[in-house]
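This report refers to the structure that appears directly beneath it.
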Amino acid sequence: MLAAGLLVTGLSACGNSDTGDAAGTGGDDKLVLGFSQVGAESGWRTANTTSVKEAAAEAGIELKFDDAQQKQENQIKAIRNFIQQKVDVIAFSPVVESGWDTVLKEAKDAGIPVILTDRAVDSADKSLYKTFLGSDFVKEGRLAGEWLVEETKSATGPVNIVELQGTTGSAPANDRKKGFGEAIAANPNLKIIASQSGDFTRAGGKAVMEQFLKANPKIDVLFSHNDDMGLGALEAITAAGKEPGKDIKIITVDAVKDGMQALADGKFNFIAECSPLLGPQLMDLAKKVHAGEEVPPRIETEETTFTQETAKEALPTRKY
Ligand code: AHR
């Protein structure tokens with residue numbers, strides 16, 4: 001008995017993750033959740049990490065948190081560590097959509113349930129994970145495109161659009177591009193003249209926007225897959241002597257505080273919200289899958305959109 005107890009304690013205490021709460025490694029009954037985060041690339045991601053850590057503490061769950069620094073290989077390594085440590089549940093936000101089947105199968109063979117949070121994977125075998133909690137990224141792109149169609153309905157000439165894509169191969173980049181493209185497809189005036197990844201970061205958004213501005217004398221609209229790249233692009237647009245929000249209309253996704261401030265200030269024109277506050281629902285799901293309860297295969301986050309006027313109203317009470 002004593003030997004078995006020591007073995008359990010030793011297994012759950014090993015590994016190199018940043019453990020949010022050291023309790024639970026000493027053999028108590030706390031549920032242990034291994035969480036592999038994408039990184040810290042954006043304001044959205046920081047808010048998401050805070051939400052997960054706070055919700056775990058509140059729910060009495062021991063969180064083993066790992067930051068993958070936007071690298072799939074780091075996420076795979078973290079998931080393997082969690083399997084080795086025999087955590088109760090694994091959750092992760094996959095940096096890209098493809099290439100997860102092998103490690104997910106390893107988790108399944110070890111009997112550890114997996115929850116996808118924020119981003120999806122493209123695995124054909126849906127039994128490799130229990131559920132996916134997150135946004136409908138295609139819808140976010142479509143809402144952005146529909147706003148633009150309405151906004152430019154009286155335009156007689158071409159409307160030149162540049163697009164800042166998120167991380168190449170990630171679900172939000174693939175899906176937002178798709179949704180936006182579909183929404184504007186029926187309007188021949190609306191043309192995407194350049195589209196490139198800024199990796200969801202401010203620095204990336206600024207660098208790519210500088211290139212866009214150099215290569216294209218007439219840019220009417222920027223569609224940025226997140227606020228941070230849009231905020232980086234603002235600097236490039238201003239430095240090029242153009243007025244963001246007027247000379248170049250800016251549409252983004254997320255609605256983090258800095259983005260909402262830019263919208264309220266008239267520098268952005270429209271934001272499709274993507275909520276990072278997934279922590280409480282994630283903890284609830286972790287408890288349910290650990291208890292062997294059935295959970296829905298897909299849980300969609302509730303979201304809205306913001307204009308310059310509604311951003312002004314929402315800003316004072318914005319949590320992130
Ligand atoms: O997966 C969600 C996306 O990832 C957010 O829109 C973006 O800001 C983040 O980096």
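The figures here come from the full heavy-atom set of this structure, side chains too, leaving out hydrogens, waters and symmetry mates. Note that ligands are numbered from 1 as they come in the structure, with each ligand's atoms numbered from 1 the same way.
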For the pair [X] and [Y], find out whether any cationic side-chain nitrogen is under 4.0 Å from an anionic carboxylate oxygen.
{"X": "Glu235", "Y": "Lys206", "value": "yes"}
{"X": "Glu163", "Y": "Lys177", "value": "yes"}
{"X": "Asp258", "Y": "Arg202", "value": "yes"}

* Arg318 NZ/CZ over Tyr320 ring centroid, <6.0 Å and within 45° of normal -> yes
* **ILVMFWY clustering at 4.5 Å (side-chain atoms), partners of Ile193** =>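 Val162, Leu164, Phe200, Val208, Met209, Phe212, Leu213, Ile219, Leu222, Met229, Leu231, Leu234, Ile237, Ile248, Ile250, Met260, Leu263, Phe268, Ile271, Phe306, Leu315, all in the cluster of Ile193.
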* Asked: With hydrogens left out, which residues have an atom under 4.0 Å from ligand 1, given that only heavy atoms count?
  ->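 Lining ligand 1: Glu41, Ser42, Trp44, Arg45, Asp118, Arg119, Phe137, Pro172, Arg176, Phe200, Asn226, Asp254.
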* Report yes or no: do Asn81 and Gln85 form a side-chain donor-acceptor pair below 3.5 Å? => no
